[in-house]
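Numbers here are sequence positions counted from 1.
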Amino acid sequence: QVQLVESGGGLVQAGGSLRLSCVASGVTFSTYYMGWFRQAPGKERDLVAKISRRSDRIDYTDSVKGRFAISRDNAKNTVYLQMNSLKPEDTAIYYCAATRSWTISRANVDYWGQGTQVTVSS
């Protein structure tokens, strides 16, 4: 049974930091591209960051460039999202996702985590 379990969300003031973690089980983690999506109330689930299987390619949506950093540790089956300089507009449920394609989209995600809430107060 494949599981992706996120942790690290919470309430933080604007300008603060959080580090999200996502631990995978039941899957050969190193064979998957990994991404972090987020979904704010009333909005679609959008890709925030993605990382290739060997961490040689990384990409971010424009709104988080320079503030967020995605990384992975294949030995620990874990992907991370370090979030700095947080803004109220970063408030959302954050989901990790595993896919076989670098071109990650909601349509081609193989596995989703359950989500972790991030709330940034102004």
Side-chain angles (χ1 to χ4, degrees):
Q1 181 182 359
V2 177
Q3 280 192 309
L4 301 180
V5 180
E6 300 103 333
S7 62
L11 173 64
V12 64
Q13 288 188 332
S17 298
L18 286 173
R19 189 193 195 203
L20 306 184
S21 299
C22 171
V23 180
S25 60
V27 65
T28 305
F29 182 74
S30 61
T31 65
Y32 284 84
Y33 297 90
M34 298 298 297
W36 286 96
F37 287 74
R38 67 184 179 187
Q39 187 168 18
K43 296 189 176 181
E44 293 186 338
R45 189 176 298 187
D46 292 326
L47 181 64
V48 174
K50 61 181 178 179
I51 187 167
S52 62
R53 291 171 292 190
R54 296 182 181 181
S55 305
D56 54 334
R57 286 187 290 175
I58 288 174
D59 198 17
Y60 302 95
T61 192
D62 286 346
S63 62
V64 308
K65 285 181 179 177
R67 300 188 298 120
F68 289 12
I70 188 171
S71 62
R72 66 189 294 165
D73 185 337
N74 287 345
K76 295 182 178 180
N77 287 359
T78 302
V79 61
Y80 305 96
L81 186 67
Q82 177 67 43
M83 305 186 295
N84 300 324
S85 302
L86 282 161
K87 304 175 181 180
E89 50 264 43
D90 294 318
T91 295
I93 300 175
Y94 284 71
Y95 299 88
C96 69
T99 178
R100 293 288 193 178
S101 172
W102 171 247
T103 311
I104 298 175
S105 71
R106 291 191 303 273
N108 66 10
V109 169
D110 293 290
Y111 304 106
W112 291 99
Q114 84 286 355
T116 185
Q117 176 71 48
V118 171
T119 303
V120 184
S121 63
S122 57

Compare every heavy atom of [Y] with every heavy atom of [X], then report the nearest pair and how far apart it is.
X      : Y     : answer
Ser122 : Ala14 : CA-CB, 4.4 Å
Leu18  : Leu86 : N-CD1, 3.8 Å
Ile51  : Ser71 : CD1-CA, 3.7 Å
Gly35  : Leu47 : CA-CD1, 4.4 Å
Asp59  : Lys65 : OD1-CE, 4.3 Å
Ala49  : Leu81 : CB-CD1, 4.1 Å

Between [Y] and [X], is there a side-chain heavy-atom distance shorter than 4.5 Å?
X      : Y      : result
Val79  : Leu20  : no
Val64  : Met83  : no
Ile104 : Phe37  : yes
Tyr32  : Tyr111 : yes

Crowding at NZ, Lys43 (>12 non-hydrogen neighbours, <6.0 Å):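 Atom NZ in Lys43 is not crowded, with 12 or fewer foreign heavy atoms closer than 6.0 Å.
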
Please check if any side-chain donor atom of [X] sits under 3.5 Å from a side-chain acceptor atom of [Y], or the reverse.
X      : Y     : result
Ser17  : Asn84 : yes
Arg100 : Thr31 : yes
Arg53  : Tyr33 : yes

Pair Leu4, Val23 - check side-chain contact (heavy atoms from CB on, under 4.5 Å), show working. CA-CA 6 Å; Leu4 301 180; Val23 180; over 6 Å; no

Check for a donor-acceptor pair, side chain of [X] on one end and backbone N or O of [Y] on the other, with a separation under 3.5 Å.
X      : Y      : answer
Asn108 : Ser101 : no
Arg72  : Phe29  : yes
Thr91  : Thr119 : no
Arg45  : Arg38  : no
Glu6   : Cys96  : yes

Is Lys87 salt-bridged to Asp90, going by a charged N under 4.0 Å from an acidic O?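 Looking at Asp90 together with Lys87, the answer is no, because their closest N to O distance does not fall below 4.0 Å.
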
Can you sort out the partners of Tyr94 under ring pair (Phe, Tyr, Trp, His ring centres under 6.0 Å), two or more places apart, ordered by chain and number?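 For Tyr94, no residue satisfies ring pair (Phe, Tyr, Trp, His ring centres under 6.0 Å) once neighbours in sequence are set aside.
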
Could you check whether Lys50 makes a cation-pi contact with Trp36, meaning its NZ or CZ is under 6.0 Å from the centre of the six-membered ring and within 45° of the ring axis?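 Output no; distance or angle outside limits.
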
Pi-cation contact, Tyr80 with Arg19 (under 6.0 Å, within 45°):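 Flagged: Arg19 positioned over aromatic ring of Tyr80.
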
